[in-house]
Q: 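This structure is in structure tokens; I'll ask about it shortly.
Chain letters run A, B, ... following the sequence lines, proteins first, then strands; residues in each count from 1.
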Amino acid sequence: MPANRFNAFTDYGVGIGLRVPHYDHILTKKPVVDWFEIISENYMVDGGRPLRLLDQILDQYRVVQHGVSMYFGSAQALNRDHLKRLKELTKRTKTPWLSDHLCWGSVDGRYTHDLLPLPYTFEAVKTTAERIRQVQDYLEIPIAVENVSSYAEYHESEMTEWEFLNEVVHAADCGILLDVNNIYVSSQNHSFDPMTYVDAIPAERVAQIHIAGHSKFEKYILDTHDHPVLDPVWGLYALAIERAGPTATLLEWDDNIPSFEEVHAEALKANRYLKAAEAAAVGGVTAEGVGQVAQVVA
Amino acid sequence: MNLLELQRRMAEDVRRPLTVDWEMRRETAEGESVEAIAQSYVKPNDRLSSFERLEIYNRQYWFRVIGAVSEDFPALNALLGEKRFDAMVLAYLREIPSTSWTLRDLSGKLPEWLQVHPEFTGRRHQLALEIAKLEWAYVESYDGRRLEPLAAEDMRAIGPETCLTLQPHLQLLAMAYPVDELVLAVRKDTPETEMVSSASMMKKEVKRMKLPAMRKKAVWLAVHRYDDVVYYRHIDREAYALLTALREGKPLAEALGIAFEKSRLTPEEQAAKIREYFAHAAELGWFCKSEDEATAVPVQ
């Protein structure tokens with residue numbers, strides 16, 4: 001199940017985000033890492049060090065592209081320059097699939113540079129799915145859309161977030177990058193049961209999973225990617241793996257970034273769940289057993 | 001409210017400047033209640049009002065864009081101080097909002113904009129402006145395009161009517177202050193980071209730095225990239241004039257005429273200088289094939 005058409009039938013294991021403070025360590029120590037995720041926009045430039053370093057990484061590692069500015073849910077036409085540059089980069093990286101967020105961020109040619117939540121309406125489903133299809137057709141690689149963390153809900157919404165996600169991915173016929181930390185953050189901010197969300201996603205469309213840490217404030221949680229993964233998020237991860245099978249998993253750590261070893265060790269905790277799920281797949285452990293691992297770890 | 005109307009509404013709200021305490025304003029510039037606007041499309045919950053939920057995005061927007069501009073202009077930030085720098089970014093982006101999908105382009109018009117906004121720089125306007133120009137030149141040089149340099153046989157074919165193409169990553173600046181010393185001092189203490197990620201942003205404190213004293217002294221700089229490292233190379237006035245004329249598309253003979261127009265050098269000394277300029281330019285690969293005739297070199 002995890003190697004599916006939405007991740008180009010790959011089996012990528014556990015990766016981490018490629019970040020500037022780790023470049024030297026990676027290039028000199030050459031640690032064994034299943035794969036790296038890059039933020040596409042950091043390499044959509046004309047030349048210089050970012051591309052040279054990327055090529056050095058590509059010589060030795062598998063790389064998957066993750067974007068932050070496609071804004072699938074923006075109501076107006078896609079930016080052609082953005083798409084053209086993105087396609088050039090996909091040719092360089094040979095990313096087997098490409099992900100970006102189920103959100104909006106630009107209007108009337110002006111950009112907010114933020115992942116703003118969509119109203120969960122049928123109009124937004126139609127607009128977003130059309131744009132995902134256009135991107136998929138142009139780039140000619142599978143697209144996975146990521147659920148975002150959110151801090152606001154709209155009066156206009158006609159369905160839950162997970163219903164909206166289901167509607168969009170069916171209409172666009174695309175994959176899902178399931179961010180279990182984002183589900184947790186939003187569940188706390190909007191008072192829903194995160195397990196209901198994970199239970200509702202179409203497991204056969206999950207191309208990749210994100211895990212990350214977050215920051216808790218008095219009245220809300222912020223998706224800051226500056227901490228280790230917290231236990232409730234591991235619990236959601238276990239459920240996601242139980243449902244989708246062993247799936248390419250990526251730890252995001254974007255601020256107060258510790259040493260490479262620390263980030264990688266945090267990511268590799270995911271293997272406990274993946275191995276249990278693999279065993280379950282060959283009949284060694286029941287599916288419920290994967291969930292039990294979560295309880296043991298917690 | 002349809003999707004487009006909601007997005008226009010929210011974009012205006014998240015881009016509205018914050019108060020000096022980094023809070024969302026209670027009123028729009030037109031005197032409308034922001035609370036009422038927020039209630040019209042954002043649901044409250046049991047912990048946060050519509051206003052407070054919208055405020056999270058309003059703050060996020062400014063923290064992210066100020067962070068991005070600050071990353072490109074650490075020396076300008078150090079010179080102006082955090083408060084004035086942040087106010088400047090706020091005013092700049094209100095006037096010139098981002099029209100690019102990449103944060104990399106966000107600050108591109110800041111030096112030009114700052115030129116006509118001395119209210120943010122006070123008596124150190126010229127120094128601040130020159131720092132801004134040099135810091136943006138760094139960005140352009142850091143990831144600018146590199147075209148195939150001219151080979152020795154191409155160089156031998158150069159004649160008086162040749163129009164030479166300069167590397168896009170090469171930036172030429174004439175300065176009244178040796179601002180490269182100040183910028184280098186700040187960069188030395190500023191770790192390289194990436195602004196682009198999907199994480200939410202917190203407001204970052206900027207470390208105070210002791211800046212080197214600046215006295216007026218004319219300098220001409222060639223900001224360029226070599227082996228993926230950006231250098232600030234001091235060149236003389238004539239070399240600056242020559243390279244600038246070439247960049248403007250003037251044929252070599254005309255460009256040389258402009259470069260040495262007011263020169264007191266003898267013809268022999270001028271010839272020696274020209275040989276020196278061309279030797280350096282060839283060594284550093286500054287002359288290149290034009291985009292039309294060359295296959296771009298993708299890396300470096």
Side-chain angles (χ1 to χ4, degrees), chain A residues 17 19-21 39 41-42 44-52 55 66 68-69 74-76 79 81-82 92 101 104 106-116 118-119 121 123-124 127 146 148-149 151-156 189-191 212 215 219-220 222-226 252 254-255, chain B residues 1-8 10-11 14-15 38 40-43 45-48 50 52-54 56-57 60-61 64-65 68 97-104 106 141-146 168-169 191-202 225 228-230 296-300:
Chain A
R19 299 292 180 262
V20 167
I39 301 286
E41 286 77 0
N42 287 332
M44 288 159 71
V45 292
D46 290 330
R49 190 163 168 259
L51 291 178
R52 164 87 70 102
D55 286 342
H66 178 54
V68 294
S69 56
S74 285
Q76 295 158 319
N79 183 320
D81 168 61
H82 184 191
R92 194 179 200 114
H101 298 83
W104 73 279
S106 62
V107 66
D108 297 325
R110 293 179 177 186
Y111 289 78
T112 65
H113 302 288
D114 200 355
L115 309 173
L116 299 173
L118 282 159
T121 63
E123 184 203 2
T127 304
E146 178 183 350
V148 294
S149 295
Y151 315 102
E153 301 162 289
Y154 305 108
H155 294 302
E156 302 293 336
N189 290 337
H190 309 314
S191 306
S215 300
K219 292 180 176 177
Y220 62 93
L222 208 54
D223 181 28
T224 45
H225 298 178
D226 59 351
E252 291 180 300
D254 293 307
D255 205 0
Chain B
M1 204 183 278
N2 68 24
L3 185 62
L4 182 58
E5 287 164 347
L6 184 143
Q7 292 181 352
R8 283 183 172 143
M10 190 165 182
V14 299
R15 290 201 306 249
S40 73
Y41 69 104
V42 177
K43 272 188 193 172
N45 68 7
D46 55 354
R47 287 157 286 160
L48 295 166
S50 303
E52 288 168 322
R53 293 181 120 187
L54 187 57
I56 296 171
Y57 287 102
Q60 283 295 304
Y61 170 74
R64 189 179 298 276
V65 293
S98 174
T99 55
S100 169
W101 49 269
T102 169
L103 275 171
R104 186 261 183 217
L106 192 66
S141 194
Y142 178 76
D143 61 13
R145 201 168 169 79
R146 178 182 183 269
H169 65 74
E192 193 186 347
T193 55
E194 283 164 323
M195 277 310 300
V196 182
S197 83
S198 58
S200 296
M201 298 286 292
M202 311 283 276
R225 194 171 76 233
D228 289 336
V229 179
V230 175
V297 180
V299 178
Q300 189 170 337

Q: I'd like to know which of A/L116, A/L118, A/N189 tops the heavy-atom pair count under 4.5 Å against chain B.
A: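 Top option by heavy-atom pairs under 4.5 Å: A/N189.
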Q: So what's closer than 4.5 Å to chain A heavy atoms on B/N45: side chain, backbone, both or neither?
A: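 Contact with chain A: side chain only.
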Q: On the 0 to 90° scale, with breaks at 30° and 60°, tag the B/W101-A/H82 ring pair as parallel, tilted or perpendicular.
A: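 B/W101 and A/H82: parallel rings.
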Q: Examine whether an atom of B/L3 lies under 4.5 Å from a heavy atom of chain A, and if so say whether it belongs to the side chain, the backbone or both; otherwise answer neither.
A: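 The answer is both parts of B/L3.
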Q: Look at the side chain of A/Y220 and the backbone N and O of B/R47, then say whether any donor-acceptor pair between them is shorter than 3.5 Å.
A: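 No; judged by distance alone, with no hydrogens or angles, the pair does not exist.
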Q: For chain A, find which of B/S50, B/S40, B/S141, B/S98 contributes the most heavy-atom pairs closer than 4.5 angstrom.
A: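 Looking at each of B/S50, B/S40, B/S141, B/S98 in turn, B/S98 comes out on top.
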Q: Name the member of A/S149, A/S74, A/S106, A/G17 that forms the most heavy-atom pairs with chain B at distances under 4.5 Å.
A: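 Of the options given, most contacts go to A/S74.
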Q: Under the side chain to side chain contact (heavy atoms under 4.5 Å, CB included) test, which residues partner B/E5, sequence neighbours left out?
A: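 By the side chain to side chain contact (heavy atoms under 4.5 Å, CB included) rule, B/E5 matches B/M1, B/N2.
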Q: Give me the atom names and distance for the closest heavy-atom approach of B/R225 to A/G47.
A: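 Smallest heavy-atom distance, with atoms named: NH2-C, 4.0 Å.
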Q: Are B/R53 and A/E153 within salt-bridge range, i.e. N to O under 4.0 Å?
A: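 Here B/R53 pairs with A/E153 in a salt bridge, since their nearest N and O are under 4.0 Å apart.
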Q: To check you understand the geometry: which heavy-atom pair defines the closest contact between B/R145 and A/D46, and what is its length?
A: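 Minimum heavy-atom contact is N-CB, 3.6 Å.
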Q: Given side chains that start at C-beta, do those of A/R49 and B/Y142 come closer than 4.5 Å, heavy atoms only?
A: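 A side-chain contact exists here, since the closest heavy-atom pair is under 4.5 Å.
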Q: Could you tell me which portion of B/V42 (side chain, backbone, both or neither) has an atom closer than 4.5 angstrom to a non-hydrogen atom of chain A?
A: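 Backbone plus side chain of B/V42, per the 4.5 Å heavy-atom cut-off to chain A.
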Q: Considering all heavy atoms of both residues, which atom of A/Y154 and which atom of B/K43 are nearest to each other, and what is their separation?
A: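 Looks like O-CE, 3.6 Å.
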Q: Chain A heavy atoms under 4.5 Å from B/R8: which part of the residue, side chain, backbone, both or neither?
A: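 For B/R8, backbone and side chain are both near chain A.
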Q: For B/S100, check side chain to side chain donor-acceptor pair (under 3.5 Å) against everything at least two apart and list the hits.
A: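 In terms of side chain to side chain donor-acceptor pair (under 3.5 Å), with neighbours along the sequence ignored, B/S100 is linked to B/D105.
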Q: Out of A/H113, A/K219, A/R110, which one racks up the most heavy-atom pairs below 4.5 Å with chain B?
A: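 So the answer, after comparing A/H113, A/K219, A/R110, is A/H113.
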Q: Pick from A/S69, A/A152, A/S191, A/P119: which one has the most heavy-atom pairs with chain B under 4.5 Å?
A: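 Top option by heavy-atom pairs under 4.5 Å: A/A152.
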Q: Just do the side-chain contact (heavy atoms from CB on, under 4.5 Å) check on A/M44 and B/T102 with the steps written out, would you?
A: CA-CA 9 Å; A/M44 288 159 71; B/T102 169; over 6 Å; no
Q: Please examine the side chains of A/L222 and B/Q60, heavy atoms only from C-beta on, and report whether any two atoms are closer than 4.5 Å.
A: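 In short, these two side chains touch, coming nearer than 4.5 Å.
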Q: Need one label for A/T127: side chain, backbone, both or neither, based on atoms under 4.5 Å from any heavy atom in chain B.
A: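 When you check distances to chain B, only side chain atoms of A/T127 fall under 4.5 Å.
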Q: What part of B/L106 is in contact with chain A, defined as an atom under 4.5 angstrom from a non-hydrogen atom: side chain, backbone, both or neither?
A: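 Side chain only.
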Q: Could you give the distance from OH (B/Y61) to CG (A/D114), rounded to the nearest 0.5 Å?
A: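 Answer rounded to 0.5 Å: 10.0 Å.
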Q: Checking heavy atoms, do the side chain of B/L4, its backbone, both or neither come under 4.5 Å from chain A?
A: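 Looking at B/L4, backbone and side chain both touch chain A.
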Q: Measure across B/Y57 and A/Y151 and return the closest heavy-atom pair with its distance rounded to 0.1 Å.
A: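 Closest heavy-atom pair between B/Y57 and A/Y151: OH-N, 2.9 Å.
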